[in-house]
There are 2 protein chains.
Amino acid sequence: MKKTVLIFGMLAFAILALLQLSKYALISGDLTIELIISGIAIVFFVIGVAIQKRFRKQETESKEIDQKQLDTIGLSKREYEVLIEMASGYSNKEIATHLFVSESTIKTHVSNVFLKLDAKRRTQAIQKAKELQILPI
Amino acid sequence: MKKTVLIFGMLAFAILALLQLSKYALISGDLTIELIISGIAIVFFVIGVAIQKRFRKQETESKEIDQKQLDTIGLSKREYEVLIEMASGYSNKEIATHLFVSESTIKTHVSNVFLKLDAKRRTQAIQKAKELQILPI
DNA sequence: ATGTATCTCATACTAAAGTACCAAAGTGAT
DNA sequence: ATCACTTTGGTACTTTAGTATGAGATACAT
């Protein structure tokens with residue numbers, strides 16, 4: 001947030017400087033009116049695009065992994081891995097193969113995930129995890 | 001697409017007109033240099049924001065239900081309902097209650113959904129449906 | 001009318017998922 | 001060193017999920 005304020009402050013200063021500069025450049029006759037107007041137009045067009053892009057970034061960022069919620073839920077690293085595999089549509093046996101452990105281990109992890117997400121089925125766990133913005137995509 | 005080209009053409013024409021206008025306004029002395037530059041800056045800033053917004057819209061619009069793919073997959077109305085219930089995390093028994101039919105019926109629908117989505121498990125079916133942009137959310 | 005597809009439901013079965021314990025070994029912090 | 005947590009794995013069991021097959025009822029199009 002402090003960073004944003006600083007950038008906007010510097011931007012405002014740069015804009016004022018640019019305006020003054022172009023004004024004196026015109027009076028002194030170094031540049032033609034067409035060039036100055038074109039320059040101003042390009043600069044502000046770019047600024048407009050950049051600012052809109054910044055807001056868009058903030059909007060879409062809300063659709064990525066919510067690290068804070070992940071912490072409050074308290075899933076362990078391994079449990080989280082299993083959750084992601086589950087959401088990808090794999091069976092316990094397949095997950096066991098992917099993570100090089102036994103199916104029993106996966107079942108234990110799965111049960112723990114259910115407890116922490118308050119779910120009764122894996123589909124429900126996936127749904128809840130999605131609502132909590134915990135899953136990639 | 002034709003619409004976009006037309007809009008951009010008109011926009012280009014408007015910009016050229018604006019530049020000429022401001023040039024002659026300055027020469028005739030009706031407006032000060034500050035006003036003209038400010039006006040140009042604002043106009044192009046707005047144009048930059050608008051264009052960026054248009055692209056952003058196209059990006060986010062691709063995240064809604066893809067009716068065409070739904071048709072090609074050929075899910076029946078009832079099968080699609082069952083798929084959505086599945087993705088919401090409900091068990092076969094719960095889905096049966098929601099749709100006022102027996103669990104057997106749900107099992108039949110579920111199996112048909114698996115065939116049409118080429119899935120072996122409900123979690124996989126959900127994942128594939130999501131990739132095909134068939135599910136709401 | 002007759003065929004095609006959908007929706008419904010049943011039985012009988014296999015496979016997978018999930019629960020409930022228990023327990024050993026490793027990790028990390030105080 | 002001790003405690004808490006994680007990771008691993010096991011057995012035994014219950015519950016869902018999923019498959020295969022058959023079949024009646026409805027609706028819709030040719």
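Proteins get letters first, then strands, A, B, ... in listed order; numbering begins at 1 in each.
Between I126(A) and A87(A), the shortest heavy-atom contact is CD1-CA, 3.6 Å. Of all the heavy atoms in I73(B) and I134(B), the pair that sits closest is CD1-CD1, 2.9 Å. Of all the heavy atoms in A125(B) and L117(B), the pair that sits closest is O-CD1, 3.7 Å. In terms of heavy atoms, T123(A) sits closest to R122(B) at CG2-CD, 3.7 Å. The nearest pair of heavy atoms linking V82(A) to I106(A) is CG2-CD1, 4.2 Å.
Only at 4.0 angstrom or more do the heavy atoms of residues 73-84 of chain B sit from any atom of DNA chain D, so none qualifies. Residues from residues 99-116 of chain B that place a heavy atom under 4.0 Å from any atom of DNA chain D, listed by number: K107(B), V110(B), S111(B), F114(B). The stretch residues 120-127 of chain B touches DNA chain C through R121(B), each having a heavy atom within less than 4.0 Å of the strand.
By the 4.5 Å heavy-atom criterion applied to side chains, T72(A) and Q69(A) are counted as neighbours. Using a 4.5 Å cut-off on side-chain heavy atoms (C-beta onward), M86(B) and V113(B) make contact.
Residues passing the side chain to side chain contact (heavy atoms under 4.5 Å, CB included) test with S76(A) are R78(A), E79(A), sequence neighbours excluded. Contacts of K120(B) classified as side chain to side chain contact (heavy atoms under 4.5 Å, CB included), with partners at least two apart in sequence or in another chain: Q124(B). With sequence neighbours left out, the ring-ring contact (aromatic ring centres under 6.0 Å, His included) criterion links F114(A) to no other residue. With sequence neighbours excluded, no residue forms a side-chain hydrogen bond (donor to acceptor under 3.5 Å, both in side chains) with S104(B). For Y90(B), the ring-ring contact (aromatic ring centres under 6.0 Å, His included) partners two or more places apart in sequence, or in a different chain, are H98(B).
S111(B) places no side-chain N or O within 3.5 Å of a backbone atom of T108(B) that could act as its donor or acceptor partner.
Direction of the helix axis in the helix from dA1(C)-dT30(D) to dT30(C)-dA1(D) shifts by 50° between the two five-pair termini, rounded to 10°.
Nucleotide dA16(C) holds its P atom 13 Å from the CD1 atom of I95(A), rounded to whole Å.
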Taking protein heavy atoms under 4.0 Å as touching, what does nucleotides 25-30 of chain D look like 5' to 3' if B marks base contact, S marks sugar-phosphate-only contact and - marks none?
-> ------
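Counting only residues at least two apart or on different chains, the salt bridge (Lys or Arg N to Asp or Glu O under 4.0 Å) pairs with a member in residues 86-109 of chain B are R121(A)-E94(B). Residue pairs meeting the salt bridge (Lys or Arg N to Asp or Glu O under 4.0 Å) criterion with at least one member in residues 125-134 of chain B, sequence neighbours excluded, are D118(B)-K128(B).
Neither OP1 nor OP2 of dA16(C) sits under 4.0 Å from any side-chain N or O of N92(A).
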